[in-house]
Every structure is written in structure tokens, then in C-alpha cells.
Protein chains: 2
Amino acid sequence: MLWLYFRIFFLRMNKREFKDKVYGELAKVSKAMSNPHRLEIIDLLAQGPFTVEDIASYTGLSVANASQHLQTLKSSKLVKISRNGNYINYSLAGENVFNAWTALRELGLVYNAEVGKTVNEFRAGFGDMDCIDADQLSKLVEEDKVILLDVRPEEEYNRGHVHRAISMPIEQLGAKLKNLSKSKTIVAYCRGPFCVYADDAVALLKKHGYKAQRMKEGFPDWALKGYPVDQ
Amino acid sequence: MLWLYFRIFFLRMNKREFKDKVYGELAKVSKAMSNPHRLEIIDLLAQGPFTVEDIASYTGLSVANASQHLQTLKSSKLVKISRNGNYINYSLAGENVFNAWTALRELGLVYNAEVGKTVNEFRAGFGDMDCIDADQLSKLVEEDKVILLDVRPEEEYNRGHVHRAISMPIEQLGAKLKNLSKSKTIVAYCRGPFCVYADDAVALLKKHGYKAQRMKEGFPDWALKGYPVDQ
DNA sequence: AATCTATTCAATAATTATATTGAATAGATT
DNA sequence: AATCTATTCAATATAATTATTGAATAGATT
């Protein structure tokens with residue numbers, strides 16, 4: 001025991017100790033992300049701050065369980081909190097968290113056959129679901145060739161949205177449908193590639209005779225790529 | 001049980017099932033990375049293929065244990081194998097693996113105080129260790145203002161190295177030192193920010209009166225950034 | 001065909017992660 | 001000051017991860 005303190009205080013760190021420490025700390029960060037529910041929470045928080053209650057309800061977790069997962073994320077510095085009245089708002093600790101999540105997501109989509117297969121199967125359940133990626137869409141937006149719908153809750157739209165997009169929360173789309181012109185293709189986007197709001201929107205639009213597509217990615221991906229954002 | 005099969009085969013996947021599956025698969029990928037030894041292995045394999053034996057010896061693991069970790073990485077499609085005589089060579093499954101590792105590394109370095117602190121403390125043990133990052137270095141290389149030393153094993157240099165760099169494996173540096181001019185600053189680089197070859201090189205060079213720095217990142221980071229590469 | 005050897009497997013014990021439950025807490029609101 | 005409530009904590013049982021050991025295997029080499 002004394003010897004340990006001696007090493008720590010008086011000897012310089014040796015190479016193996018250094019590597020064990022560094023890779024060990026990074027593994028802790030990775031471990032904090034290595035849970036389905038926590039990944040879903042990170043993906044949600046990419047939209048902005050949410051309360052524990054909202055997070056629990058969106059992810060289908062009990063409040064206590066959501067809270068515990070949030071504690072795990074917080075102690076790894078992946079999320080931060082701010083209080084608002086009785087509520088505590090959780091949000092991502094910074095841009096690097098979303099970057100790491102995106103890198104993991106792409107890794108899964110490219111090398112893990114299950115992920116791609118699951119997404120395709122799910123989309124197939126909606127009939128022929130046309131997707132357009134952010135890069136292609138950015139050109140169409142520039143040329144004003146599409147109507148863009150942000151089908152996330154209005155609060156998220158207000159925090160920032162794709163240039164020229166209209167706020168059309170999915171639960172209002174049915175009622176407001178008649179105001180939409182059929183002259184242009186409609187592109188809906190939402191929180192991310194695993195968010196189903198845009199799928200629901202496209203299905204509804206197609207049912208009413210519109211030409212509709214969804215953006216493959218979500219708003220945070222669009223913003224990260226540096227494409228024009230309003231608000 | 002029968003009901004389960006019914007759901008799987010005849011009903012389309014519901015939203016919760018879809019999300020559970022997607023985030024679950026991605027969490028598996030993340031879990032495969034969430035171990036200190038496996039992160040070190042990924043970091044090593046970013047240089048190219050290595051045998052189980054070499055990986056075990058470099059990381060200080062038993063062969064059986066290294067093999068098990070490699071199986072974990074392989075079954076998550078993070079690494080692939082190719083046979084060479086009696087040996088099996090492991091290498092990264094593709095560029096996205098390195099991207100994800102880099103994103104995690106940056107995440108740790110920025111938000112986890114322990115990681116940065118450990119690196120700084122370790123470097124401090126070498127005296128005043130000057131670091132230069134790839135972006136700054138790229139300009140100096142372009143203007144031919146530095147002597148660049150690749151202090152990794154020669155085999156790795158041969159697979160690809162920074163434009164204009166000289167191969168100078170760390171264990172040969174002492175003997176070949178006298179051939180190096182003192183007219184320019186010497187910059188050493190190695191496998192990555194947690195590799196100590198470049199630190200050893202800089203320490204040795206400074207001891208002999210050279211002006212020396214290490215590149216903060218490693219060769220794979222240089223290449224990923226699109227800076228000039230030879231071979 | 002027999003041998004050799006790098007790698008993998010299987011079994012084990014010890015450690016760590018997880019969801020659930022119900023109680024505790026902190027800090028607004030009244 | 002008392003009450004209220006969103007959030008956290010603590011305890012628990014179950015499940016998953018890990019390093020070690022020694023045996024098994026696959027596929028080169030002889």
C-alpha cells in the first residue's frame with residue numbers, strides 16, 4: 001500500500017500505467033454510451049434539452065430508470081443539466097457528443113448488416129418510402145424546388161430548423177394538409193434517421209396524393225454538415 | 001411463444017420494436033469498443049494488420065485473452081482477418097472504425113478531465129515536451145521547414161507515411177542520430193496521441209542538443225485529414 | 001500422413017451492469 | 001413554514017462481462 005503511494009507521488013508514470021489509464025478512461029466514456037436506452041436518450045437530446053419525465057415517456061422507460069441512465073451519462077460528462085422551475089433539463093454536454101454518436105451510427109449502418117436491414121424492413125412497412133439524403137436535398141432547397149416540412153414538435157423547430165422549412169408537427173399534419181400545394185415535391189424531416197415522425201408524415205402525404213420524400217438524416221445532421229439553418 | 005412468431009412474421013414491426021432493435025444493435029457495436037484493451041487494439045490496428053501474438057505482446061495481454069478480445073471485435077464486424085502462413089492477421093474492418101475511435105478519443109480528450117490530465121502528466125515526465133498538431137505541421141512540411149521522422153517500426157512506415165518523412169524506428173534512433181542535421185527543427189511522429197515512441201524520440205533528440213517536437217496525433221490521423229502521404 | 005504451432009475454445013470464479021421497487025430528497029410553490 | 005412534486009437514491013435479484021487456465025483445433029510445414 002505504501003509502495004503504491006510512493007509510485008504515484010514520486011515516480012513518473014510508466015508507459016503501461018499511462019496507457020492503461022488513458023484507454024481505461026476512454027473505455028468508461030464508451031461504456032456510458034453502450035446501452036440501447038442511453039443511445040436513444042443521446043439521440044433525443046441532440047434536439048435540445050428535455051426533462052426526465054419527457055425523456056422517460058419518449059423512450060418508454062420508467063422515470064426512475066431513465067433517471068439512473070441519465071446519472072450514468074452525467075457522470076461520464078456526456079450530458080449536462082440546468083434547472084427550470086421544478087424541472088431539470090438534460091442536454092448534451094457539447095458538439096463532440098453528437099459527433100461520437102454520429103460516428104457510431106455510421107459505423108453500425110455500414111458494417112453491421114442488422115442495423116441496415118432493420119431500417120429497410122421498417123421503412124418497407126410504409127410502402128415505397130423515398131429517402132433523400134442531406135447532400136442532395138441541400139441542392140433542391142437552394143433551388144427552391146421542394147416544400148420542406150419540419151415535423152418535429154414546434155418547440156424543437158423554434159430552437160432551429162432547416163432554412164425555409166415550415167413547422168408542421170406530425171399530429172397537426174392531418175388537419176393542415178389541405179393548405180399544402182401539390183405543385184412541388186414535399187420533403188419531411190425530423191429528429192434523425194431512426195425517428196419515425198417523417199415516415200408517418202410521408203405515408204400520410206402519399207395517401208392524399210402528394211409526391212413526398214423523407215430526409216434520411218435529421219435536423220442535427222443537417223446543421224452539423226453546415227447547411228443553412230434558420231432561427 | 002406462438003404469438004411471438006405471429007408478430008414477427010405477419011405483423012409489421014412496430015415503432016418501439018424498431019427502435020429497440022436499432023439502438024440495441026448499435027449498443028452492441030459500442031459495447032464491443034467499450035473495453036480498455038479492445039480500444040488499445042483498435043488504436044494499434046489503425047496502423048495496419050498485426051498477428052494475435054504481436055497484438056498480445058504490444059498490449060501486454062496473454063495470447064488467449066488477446067484472442068478472446070479479438071473474437072469480440074470480429075463478431076461485431078469491427079475487425080477482419082486474413083491468413084498468412086501459420087499466422088492470422090487482424091486489421092480494422094474499414095475507415096469508419098477509425099472514425100468512430102477518433103470521435104471517441106476527441107470526446108474523451110475534451111470532456112473527460114482525467115484523459116487530458118493523464119496525457120499532460122505523462123508528457124511532463126519527459127521534461128518540456130513540445131507538441132505540434134497536424135494542421136500546423138502540414139504548413140511546415142509544405143515549406144520544407146522541418147525534418148520529419150517516422151519513429152514507428154519500418155514495416156508500418158513502408159505501408160504509408162507522411163510525405164517527405166524519414167523512417168527512423170525508435171530503437172535505431174540512438175545509433176543513427178549523428179547523421180541528422182541540426183539546421184532544422186526535427187518533428188517525430190508515431191502511431192497516435194497515446195503512442196510513446198515519439199515522446200521517447202523527442203527526449204533523446206533534445207538530450208543531444210536538437211530542437212525537437214512531436215506531432216500530437218499519429219500517422220492515421222494525418223492521412224484521414226487528407227494531408228500528403230507517400231507510398 | 002505425421003508433426004508442429006498459432007490461434008481458438010470451454011469452463012470457471014470474480015466482477016460489473018441492469019430493471020424494478022419503494023422510499024428519500026431538494027427545491028419550487030402555496 | 002408547510003406542502004407538493006420532479007427527480008434521485010438504495011436495495012435487490014438477475015444477467016452479462018472479464019481474465020485465467022489448460023485443452024482443442026485448424027491448417028501449414030515437414
Side-chain angles (χ1 to χ4, degrees), chain A residues 16-17 19-21 23-42 44-45 49-91, chain B residues 16-17 19-21 23-42 44-45 49-91:
Chain A
R16 183 38 51 198
E17 283 168 348
K19 295 196 175 189
D20 286 349
K21 179 75 177 165
Y23 291 111
E25 286 297 325
L26 290 173
K28 278 189 206 165
V29 176
S30 181
K31 224 161 222 162
M33 301 199 4
S34 298
N35 174 280
H37 303 304
R38 290 199 293 270
L39 285 182
E40 192 174 359
I41 291 172
I42 289 171
L44 176 62
L45 296 189
F50 286 87
T51 65
V52 177
E53 218 174 63
D54 287 346
I55 293 167
S57 118
Y58 183 70
T59 57
L61 297 172
S62 72
V63 170
N65 198 7
S67 174
Q68 289 195 32
H69 282 301
L70 286 164
Q71 295 306 310
T72 304
L73 291 170
K74 185 154 73 90
S75 64
S76 294
K77 307 283 169 58
L78 294 175
V79 303
K80 61 184 185 209
I81 61 174
S82 71
R83 191 171 263 275
N84 174 22
N86 253 331
Y87 294 90
I88 289 177
N89 285 305
Y90 277 83
S91 51
Chain B
R16 183 40 48 200
E17 284 168 349
K19 296 196 173 190
D20 286 348
K21 180 76 178 166
Y23 291 110
E25 286 296 326
L26 290 173
K28 279 188 205 167
V29 176
S30 181
K31 225 162 219 161
M33 301 200 1
S34 299
N35 173 280
H37 302 305
R38 291 200 291 274
L39 284 182
E40 192 174 358
I41 291 172
I42 289 171
L44 176 63
L45 296 188
F50 286 87
T51 65
V52 179
E53 219 174 60
D54 286 347
I55 293 166
S57 119
Y58 183 69
T59 56
L61 298 172
S62 72
V63 169
N65 198 9
S67 175
Q68 289 195 29
H69 282 299
L70 286 164
Q71 296 305 309
T72 304
L73 290 171
K74 185 154 73 92
S75 65
S76 294
K77 307 285 170 59
L78 294 175
V79 303
K80 62 184 183 209
I81 61 174
S82 71
R83 192 170 261 276
N84 174 23
N86 253 330
Y87 295 88
I88 289 177
N89 285 305
Y90 278 84
S91 50

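So that the names make sense, note that chain A is the first sequence line, chain B the second, and so on, each numbered from 1. No experiment lies behind these values; they were computed from the predicted model shown. Hydrogens, waters and symmetry mates are skipped; everything else that's a heavy atom, side chains included, is used.
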Nearest 0.5 angstrom please: B/Ser91 OG to B/Lys80 NZ, how far? 5.0 Å

Under 4.0 angstrom between B/Tyr87 side-chain N/O and C/dC4 OP1 or OP2: no

Are B/Ser30 and A/Ser30 side-chain neighbours, meaning at least one heavy-atom pair lies under 4.5 Å? yes

Give me the stems containing DNA chain D, sorted by first residue, counting only three or more consecutive Watson-Crick or G-U pairs with both distances under 3.5 Å; say none if there aren't any. C:1-30 with D:1-30

CD of A/Gln68 to NE2 of A/His37, rounded to nearest 0.5 Å, is 12.0 Å

Just checking, is any N or O donor in the side chain of B/Lys19 or A/Tyr58 under 3.5 Å from an acceptor N or O on the other one? yes

Determine, for nucleotides 13-26 of chain D in 5'-to-3' order, which nucleotides have protein heavy atoms under 4.0 Å from the base (write B), from only the sugar-phosphate (write S), or from neither (write -). ----SSSBBB----

Flag side-chain contact, heavy atom, 4.5 Å: A/Glu53 against A/Tyr87: yes

Would you kindly give the CD-to-C1' distance between A/Glu40 and C/dT18, to the nearest whole Å? 17 Å

Please give, in whole Å, the distance from C/dT5 P to B/Ile88 CD1? 16 Å

Search all heavy atoms of B/Asn35 against all heavy atoms of A/Ala27 and return the closest pair with its distance. C-CB, 3.7 Å

Whole-Å distance separating the CD atom of A/Glu53 from the C1' atom of D/dC4: 14 Å

For atom CG of A/Leu70 and atom C1' of D/dT8, their distance in whole Å: 11 Å

Provide, to the nearest angstrom, the distance between the NZ atom belonging to A/Lys74 and the P atom belonging to D/dT7. 13 Å

Rounded interatomic separation in angstrom, taking CG from B/Asn84 and C1' from D/dG27: 13 Å

Atom OH of B/Tyr90 and atom P of C/dT7 are separated, to the nearest Å, by 8 Å

Within a strict 4.5 Å, meaning less than it, do heavy atoms of the A/Ile55 and A/Leu70 side chains meet? yes

Can you check the B/Leu73 CG to C/dT7 P distance for me, whole Å? 15 Å

Less than 4.0 angstrom from a charged side-chain N to a carboxylate O is my criterion; do A/Lys21 and A/Glu25 meet it? yes

Per the side-chain contact (heavy atoms from CB on, under 4.5 Å) rule, which among B/Leu45, B/Ile41, B/Asn89 passes with B/Phe50? B/Leu45

